[in-house]
**Student:** 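Got a structure for you, questions after.
Read the numbers this way: they start at 1 and go in the same order the structure lists the ligands and their atoms. Note that the coordinates shown come from a computational prediction; the quantities given were computed from them, not determined experimentally. Starting from 1, each residue takes its place in the sequence as its number. Basis for what follows: all heavy atoms, side chains included, without hydrogens, waters or symmetry-related copies.
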Amino acid sequence: MTKHTSYIGGKWVDFGNYKPNLNPANTDDIIAEFSYGDSNAVDQAVLAAQKAQNGWANATPQVRHDLLEAIGVKLADRVEEYGTMLAREEGKTIAEAKGETMRASQVFKFFAGEALRLDGELQSSVRPNVDVEITREPVGIVGLITPWNFPIAIPAWKIAPALAFGNCVIIKPAGLTPGCAHIIAKLMDECGCPPGVFNLVFGGGSTVGDAIVKHPAIEAISFTGSVATGNNIAEICGQLRKKVQLEMGGKNPMVVMDDADLKLAVDACLNGAFFSTGQRCTASSRLIVQEGIHDKFVEELTKAVTALKVGDPLDSSTQIGPVIDEAQLQSNLNYIELAKKEAGSVIGGERLELSTPGYFQAPALFVGTTNDMRINREEIFGPCASIIKVKDLEEAIDVSNDTEFGLSAGICTASLKSAREFKRRSQAGMVMVNLPTAGVDYHVPFGGRKGSSFGPREQGRYAAEFYTIVKTAYVFAG
Ligand SMILES: NC(=O)C1=CN([C@@H]2O[C@H](COP(=O)(O)OP(=O)(O)OC[C@H]3O[C@@H](n4cnc5c(N)ncnc54)[C@H](OP(=O)(O)O)[C@@H]3O)[C@@H](O)[C@H]2O)C=CC1
Ligand SMILES: O=C(O)CCC(=O)C(=O)O
C-alpha cells in the first residue's frame with residue numbers, strides 16, 4: 001500500500017495514524033494511505049514557515065515566477081497521470097479531471113506572470129516636496145483550507161497567488177481528497193521550492209484545520225467549503241483580527257426565457273446542474289423557466305437527463321461519476337425523498353448498483369416546484385435540480401434573487417435587453433448569459449455575494465487584494 005506523509009520545512013514528515021483514501025466509484029480500490037497530524041504538526045509547519053518567510057518575502061519576482069512556472073509546466077506535462085489520480089479520488093469523469101488539472105497548470109502559470117506584474121502607485125502629497133508611495137507587501141504566513149470537489153484547482157488558485165506575492169503557505173486539504181494536494185507538494189519539492197515556503201499538513205478538520213485557523217502566527221485564512229464551517233472560521237478570525245476569505249455554498253439560479261434557443265438552454269442546464277455530479281458550488285440547482293417555453297423545456301431536459309450515462313469516471317463514455325461518499329449520497333437521497341413530498345414529480349434520483357461498489361446516483365430533476373420549498377432554499381450539492389415556473393422576466397429576477405446565496409446566476413435568452421436587465425439586477429458575484437452557471441475562467445475574479453462568500457475575491461489579479469497588505473509611505477525630499 002502506498003503511504004504518504006505531510007510535507008513540512010522541505011521534508012516528508014511521518015506522524016503515523018494512517019487513514020485510507022478510497023475511490024468513490026469502487027471502494028475496494030484504496031488509492032493510498034495518508035499520515036494524519038494534529039495541532040503539533042501545525043506548530044511544526046508554522047516554525048518552518050517562520051524561518052522561511054523573510055527570505056521568500058524578499059526573493060526576487062523572478063525567483064517566485066520561476067517556481068510557479070515550473071509547477072505549471074509539470075502539471076501540464078503530466079496531465080494524463082494526475083488527471084487519472086484526480087478522477088480516481090474525487091470521482092469526476094476523466095475528461096473533467098484532466099480539464100481541472102490543466103486549469104491548475106494555467107493558474108500556476110498565470111500567477112507566475114502576476115509575480116512579475118505586482119505594481120504600486122506614486123502620488124503627489126497634498127504637502128510640498130512630499131511623495132506618497134503605495135505598495136503591496138506579503139501578508140505573512142497564510143493558512144489554506146480546501147474542499148474535496150476541486151481537489152487540484154482550488155488548492156492551486158490559493159497556493160499560487162499566496163506564493164507569487166511572497167507569502168509562505170500551510171495547507172490542509174480535505175480528508176476525502178488528499179492525493180491531489182500530495183501531487184502539488186511533490187512538485188514543490190521537485191521544482192526546488194525553498195524549505196518552509198510551502199507546507200502541507202494532512203489531518204482532520206476539527207484538529208489540523210482548527211489549529212491552522214487559531215494559530216496566532218498564521219496571518220490570514222483562505223477557506224472553501226461548507227457554510228457551517230465557513231461561518232465558524234469567520235467568527236474565530238473576527239475575534240483574532242485575522243484576514244479571512246471564504247467561498248461557501250450556492251443555490252444558483254438559471255433562468256430560461258421564452259425566447260431562448262431551446263437546445264442551448266437544455267445543454268447549459270444539463271451541464272450546469274449535473275456535470276461533475278452536481279458537486280460544484282456554482283451548480284445550477286434552480287432552473288427558473290418562463291411559462292411559454294416551460295413544457296417543451298421540461299420534455300427536452302427530461303430526455304437529456306435520463307440519457308446521461310452514470311458510471312466509472314475512468315471510462316471515457318461516462319458522463320456522470322459517483323457521489324463523493326456515503327454521507328453525501330445519503331444526504332442527496334434524503335433531499336430526493338423530500339422533493340417527492342414537496343414537489344410531487346421527481347424524475348430519476350435513485351441509488352444505482354453498478355458493477356463496482358460505489359456511490360452512484362441517477363441524476364434527479366424535480367418538476368413543479370416553488371421557490372419557498374426546502375429543496376430550493378438549501379444547497380444539496382449533488383446531481384439534483386428543480387424547475388420553477390415563472391410568468392415573466394420580472395418574476396424570474398425576483399425568484400433568482402430570493403435566496404440567502406449569491407454566487408453565480410445565469411440567463412438563457414435571445415434578448416439583449418433581458419440579458420442586460422438580468423445582469424444588472426442579479427445579486428450574484430458572477431453572471432452568465434447563454435452559458436452554464438458553472439465553469440469559470442482562471443484569470444478573472446471568482447466569488448459571490450450574500451451568504452456565498454466573504455472577503456476579497458479569489459483568482460485573477462484581484463487575488464492580490466487578499467494575499468497582500470497595502471503600505472502607504474510618505475517621503476520628504478527636503
Ligand atoms: N463551496 C464548495 O466548493 C464546497 C461546499 N461544500 C458543502 O459542504 C458540505 C459538506 O462538505 P464537507 O467536505 O464536509 O465540508 P467542510 O466545510 O466540512 O470541509 C471543507 C474543508 O474544511 C475542513 N474543516 C472541517 N471542519 C473544520 C474546522 N472546524 N476548522 C477548520 N477546517 C475544517 C475540512 O476538513 P476535513 O475534510 O478533514 O473534514 C475540509 O478541508 C457539502 O455537502 C456542500 O454542501 C463542500 C465542498 C466544497
Ligand atoms: O464552476 C467552476 O468552474 C468552479 C466551481 C467551484 O470552484 C466550486 O464548485 O467549488
Side-chain angles (χ1 to χ4, degrees), residues 19 21 34 36-39 42 90 92 96 99-100 103-104 107 143-158 171-178 180-181 200-215 218 221-237 244 246-252 271-273 275-285 323-325 327-332 334-335 378-382 384 405 407-408 410 429-430 432 435-442 444 446-448 451-454 458-459:
K19 307 253 193 247
N21 175 22
F34 291 80
Y36 268 37
D38 56 17
S39 61
V42 175
E90 201 274 348
K92 63 183 64 177
E96 290 168 334
E100 187 186 332
R103 181 155 146 199
V107 166
L144 311 178
I145 299 175
T146 55
W148 46 263
N149 64 330
F150 282 84
I152 202 151
I154 293 179
W157 81 51
K158 294 184 193 293
I171 181 167
K172 189 214 94 64
L176 290 165
T177 53
C180 286
L200 162 68
V201 182
F202 295 119
S206 57
T207 51
V208 167
D210 188 62
I212 289 176
V213 174
K214 290 181 177 156
H215 201 295
I218 298 179
I221 301 291
S222 180
F223 165 84
T224 303
S226 65
V227 174
T229 307
N231 286 345
N232 180 40
I233 290 176
E235 216 172 295
I236 298 167
C237 289
V244 65
L246 309 172
E247 293 300 343
M248 303 173 287
K251 197 69 196 170
N252 308 293
N271 174 325
F275 287 10
S276 301
T277 321
Q279 297 175 147
R280 299 189 277 194
C281 53
T282 48
S284 323
S285 45
V323 171
I324 186 72
D325 68 356
Q328 184 67 54
L329 178 55
Q330 283 308 326
S331 165
N332 297 351
N334 290 343
Y335 277 111
E378 297 170 17
E379 184 178 48
I380 299 176
F381 220 66
C384 307
F405 298 107
L407 187 56
S408 181
M430 298 177 289
M432 311 289 182
L435 285 167
T437 55
V440 296
D441 285 6
Y442 64 87
V444 289
F446 176 91
S452 289
S453 305
F454 184 74
E458 299 202 82
Q459 303 197 66

**Student:** Please check whether G204 reaches ligand 1 - meaning an N/O of the residue sits under 3.5 Å from an N/O of the ligand, judged on distance alone.
**Tutor:** no
**Student:** Should you measure from each heavy atom of G203, which atoms of ligand 1 turn up under 4.0 Å away?
**Tutor:** 38 (O)
**Student:** Is any side-chain heavy atom of F202 closer than 4.5 Å to a side-chain heavy atom of K19?
**Tutor:** no
**Student:** As an exercise, identify every atom of ligand 1 less than 4.0 angstrom from a heavy atom of K172.
**Tutor:** 35 (O), 36 (P), 38 (O), 41 (O)
**Student:** Would you mind checking which non-hydrogen protein atom is closest to atom 1 (N) of ligand 1, with the distance to 0.1 Å?
**Tutor:** M248 O, 2.7 Å
**Student:** How far is atom 8 (O) of ligand 1 from the closest protein heavy atom, and which atom is that?
**Tutor:** S226 CB, 3.0 Å
**Student:** F150 near ligand 1, heavy-atom distance under 4.0 Å?
**Tutor:** no
**Student:** Can you name the atoms of ligand 1, numbered from 1 with element, that are less than 4.0 Å from a heavy atom of P173?
**Tutor:** 41 (O)
**Student:** Regarding K92 and the six-membered ring of F150, is the cationic atom NZ or CZ under 6.0 Å from the ring centre and inside 45° of its axis?
**Tutor:** yes
**Student:** Just to confirm my output: which protein heavy-atom neighbour is closest to atom 18 (O) of ligand 1, and how far is it?
**Tutor:** T229 OG1, 3.4 Å
**Student:** Side chain, backbone, both or neither: which part of T146 comes within less than 4.0 Å of ligand 1 when only heavy atoms are counted?
**Tutor:** backbone
**Student:** Could you check atom 2 (C) of ligand 1 against the protein and tell me its nearest heavy-atom contact, residue, atom and distance included?
**Tutor:** C281 CB, 3.7 Å
**Student:** Which residue holds the protein heavy atom closest to atom 47 (C) of ligand 1, what is that atom called, and what is the gap in Å?
**Tutor:** P147 CB, 3.5 Å
**Student:** Answer yes or no: does an N/O atom from R103 fall short of 3.5 Å to an N/O atom of ligand 2?
**Tutor:** yes
**Student:** Write out the residue and atom name of the closest protein heavy atom to atom 1 (O) of ligand 2, then the distance separating them to 0.1 Å.
**Tutor:** T282 OG1, 2.6 Å
**Student:** Under 4.0 Å from any heavy atom of D210, which atoms of ligand 1 are there?
**Tutor:** 30 (N), 31 (C)
**Student:** Under 3.5 Å, N or O to N or O, is C281 touching ligand 2 that way?
**Tutor:** yes
**Student:** Give me the nearest non-hydrogen protein atom to atom 11 (O) of ligand 1 as residue plus atom name, then the distance to 0.1 Å.
**Tutor:** W148 NE1, 3.7 Å
**Student:** Which of the numbered atoms in ligand 1 are below 4.0 angstrom from a heavy atom of G209?
**Tutor:** 30 (N), 31 (C), 32 (N)
**Student:** Of all the atoms in ligand 1, which lie at a distance below 4.0 Å from a heavy atom belonging to Q328?
**Tutor:** 42 (C), 43 (O)
**Student:** Does T224, backbone or side chain, put an N or O under 3.5 Å from an N or O of ligand 1?
**Tutor:** no
**Student:** Starting from atom 3 (O) of ligand 1, find the nearest protein heavy-atom neighbour and note its residue, name and distance.
**Tutor:** N149 ND2, 3.4 Å
**Student:** Nearest to atom 4 (C) of ligand 1, what protein heavy atom do you find, and at what distance?
**Tutor:** F381 CZ, 3.5 Å
**Student:** Counting from 1, what ligand 1 atoms have a heavy atom of I145 closer than 4.0 Å?
**Tutor:** 21 (C), 22 (O), 23 (C), 31 (C), 32 (N), 41 (O)
**Student:** Protein non-hydrogen atoms only, distance under 4.0 Å: does atom 37 (O) of ligand 1 have such a neighbour?
**Tutor:** yes
**Student:** Let me confirm one number: the CD-CH2 distance from Q279 to W148, rounded to the nearest 0.5 Å.
**Tutor:** 3.5 Å
**Student:** Has ligand 2 got any nitrogen or oxygen that is less than 3.5 angstrom from a nitrogen or oxygen of W157?
**Tutor:** no
**Student:** Backbone or side chain, does any N or O of A438 fall under 3.5 Å from an N or O of ligand 2?
**Tutor:** no
**Student:** Do K214 and S39 have a side chain donor and acceptor closer than 3.5 Å?
**Tutor:** no
**Student:** Under 3.5 Å between any N/O of G439 and any N/O of ligand 2: does that happen in this structure?
**Tutor:** yes
**Student:** Which atoms from ligand 1 have a heavy atom of G205 less than 4.0 Å away?
**Tutor:** 24 (N), 25 (C), 26 (N), 27 (C), 28 (C), 29 (N), 30 (N), 31 (C), 32 (N), 33 (C), 35 (O), 36 (P), 38 (O), 39 (O)
**Student:** Say whether N332 and Q328, considering side chains only, have a donor N or O and an acceptor N or O under 3.5 Å apart.
**Tutor:** yes
